[in-house]
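Since the structure is predicted, the reported quantities are computational estimates derived from the model, not experimental observations.
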Amino acid sequence: MTRSIPKPSGKVRWIVCALLFAAVVLSYVDRLVLPTLKPDLQARYGWSESGYADLAIWFQAGYGIAYVFFGRLIDRIGARAGYALAVGLWTAGHVMHIFFTSTAGMLLARIPLAIGEAGTFPAAIAATNEWFPRKERAFAIGIFNAGSNVGAILTPLIVPVIAVTMGWRWAFILTGLLTVVWLAAWIGFYRRPREKKTLSQEELAWIEADPQEPQRPVKWRALFRHRQTWAYIAARFLIDPVWWTFLFWLPDFFNKQYGVKMLDFGPPLIAVYLLADVGSVTGGWLSSRLMGRGMSINRARKTAMFCAALCALPIAFAAQAPGLWVAVGLIGLACAGHQGFSANVYALPGDLFPRWMAGSVVGLGGLSGAIGGMLMAKFAGMILESVGSFQPIFIVAACAYLIALLVVHLIVPRYAPVTLSEPRS
């Protein structure tokens, strides 16, 4: 049981959350520079749809494989060193894009970018598990996860302007410099709670209110013995592909369906990702609020996920929307649903596993999501080349979240934390 401790006045943990938020913003800016430039680069250098789909597939392959190893690595070296390593890798890969003009060449830059960015969420979740008690964790995750939407908003605002005025290569260089600034701030500020001299005893007691289990080594095969692991893997496999599709193809959808040009991507994409931001924070807040009112963690998390899943259903009609802004509203509502759903899914490892096991579970989920994303990218490329319509893609997106919730509920009808008494080796 969590100890009853009064909420502290200290806010150091929220500064940590702000740093995590900024990192996610930057990771999504760097990830989305290429999709934003895609219509222009495709016309300039003759890229095919299948060639671009291969970029997405291999990015997700590298991302998924590295996600597993980063999850494991961060369990061992901690969030501070793990995040620093991740940012260094992805920044190098991001800037490398300037040396290539073909999709085959761009792949050489996308792989290190993918490997580095794979460390973003395992490190952020590890830091959240270190700095937040269970009752605040989903809310904190919802806040930093909202950074993905802010990054998606900023990218179409700044990248086209840089590309038009200075050339497309400068879009990679200038955005890459921002991550260097963040890296310096992270190394200078972040420590574990007990190592942070400016942290008050009251805030430390609040952070450590949940009972702590002694750390023990865990083997890979032991993780697969737990139903909780499979619930997280299944959820990520089902929902991550939808988000990857939004990231890689939304500018292309607006360009092909409504003739939106690169300099005009800003307003529709801003609207979509602002709605996603609202969904991210609201989804995390809702389950935390329900738990604060006495609802069980099982019911609170699943209630929030159900509400989020309903928001995705109307995207099935987005391809037939009578105008741009109707489509923007439907897609934005689905993005809000995704982010609200994922804030609660991302909380599952911290809810059900000891902190020192959670990173490995997060890594397995990231690999699962990336495999699902690879399959979805291949599906999207085939559909767009053969059918020429986003309709089948949006139908899959509409159904994914209710199916994911059903699967999670069937695997873990009740949130039962993994205990030391369960077999581990």
Indicate yes or no: at least one non-hydrogen side-chain atom of [X] is less than 4.5 angstrom from one of [Y].
X: Pro267; Y: Trp325; answer: yes
X: Tyr232; Y: Val362; answer: yes
X: Phe59; Y: Ile111; answer: no
X: Tyr83; Y: Leu20; answer: yes
X: Ile153; Y: Asp277; answer: yes
X: Trp243; Y: Ser342; answer: no
X: Leu199; Y: Trp131; answer: yes
X: Leu113; Y: Leu34; answer: no

Which of these, Leu405, Ile411, Leu410, sits in a side-chain contact (heavy atoms from CB on, under 4.5 Å) with Val407? Ile411
Inspect the surroundings of [atom1] in [X] and state if more than 12 heavy atoms from other residues, nucleotides or ligands are less than 6.0 Å away.
X: Phe379; atom1: CZ; value: yes
X: Phe69; atom1: CZ; value: no
X: Met295; atom1: CE; value: yes
X: Lys378; atom1: NZ; value: no
X: Phe99; atom1: CZ; value: no
X: Trp47; atom1: CH2; value: yes
X: Trp170; atom1: CH2; value: no
X: Phe100; atom1: CZ; value: yes

Distance-only side-chain donor-acceptor flag, [X] / [Y], under 3.5 Å:
X: Thr155; Y: Thr36; value: no
X: Ser287; Y: Arg301; value: yes
X: His97; Y: Arg110; value: yes
X: Asp30; Y: Trp90; value: yes

Suppose we call two aromatic rings close when their centres sit under 6.0 Å apart. Are [X] and [Y] close by that rule?
X: Phe253; Y: Phe390; result: yes
X: Tyr63; Y: Trp244; result: yes
X: Trp14; Y: Phe132; result: yes
X: Tyr190; Y: Trp186; result: yes

Donor-acceptor check, side chain of [X] to backbone of [Y], threshold 3.5 angstrom: yes or no?
X: Gln228; Y: Ala416; answer: yes
X: Thr179; Y: Gly176; answer: yes
X: Thr91; Y: Val87; answer: yes

Identify the two heavy atoms, one from [X] and one from [Y], that lie closest to each other, and give their separation to 0.1 Å.
X: Cys311; Y: Gly337; result: CB-CA, 3.8 Å
X: Phe70; Y: Leu89; result: CZ-CD1, 4.2 Å
X: Phe394; Y: Ile315; result: CB-O, 3.3 Å
X: Thr198; Y: Val12; result: O-CG2, 4.0 Å
X: His226; Y: Ala222; result: CD2-O, 3.4 Å
X: Gly366; Y: Arg236; result: CA-NH2, 3.7 Å

Output the distance between atom [atom1] ([X]) and atom [atom2] ([Y]), rounded to the nearest 0.5 Å.
X: Thr175; Y: Arg31; atom1: OG1; atom2: CZ; value: 13.5 Å
X: Arg137; Y: Leu348; atom1: CZ; atom2: CG; value: 11.5 Å
X: Arg299; Y: Met291; atom1: CZ; atom2: CE; value: 14.0 Å

Does the ring pair (Phe, Tyr, Trp, His ring centres under 6.0 Å) test come out yes or no for Phe341 and Tyr401, once each step is laid out? CA-CA 8 Å; Phe341 197 100; Tyr401 301 92; 5.6 Å; yes
With a 4.0 Å cut-off on N to O distance, would you call Glu136 and Arg13 a salt bridge? yes
Identify whether NZ of Lys or CZ of Arg in Arg169 sits under 6.0 Å from the centre of the six-membered ring of Phe172 and within 45° of that ring's axis. no
Taking the six-membered ring of Tyr415 as reference, does the cationic atom of Lys302 (NZ for Lys, CZ for Arg) lie under 6.0 Å from its centre and within 45° of its axis? no
Give the intermediate values and the outcome of side-chain contact (heavy atoms from CB on, under 4.5 Å) for residues Phe237 and Leu375. CA-CA 10 Å; Phe237 179 81; Leu375 296 174; 4.1 Å; yes
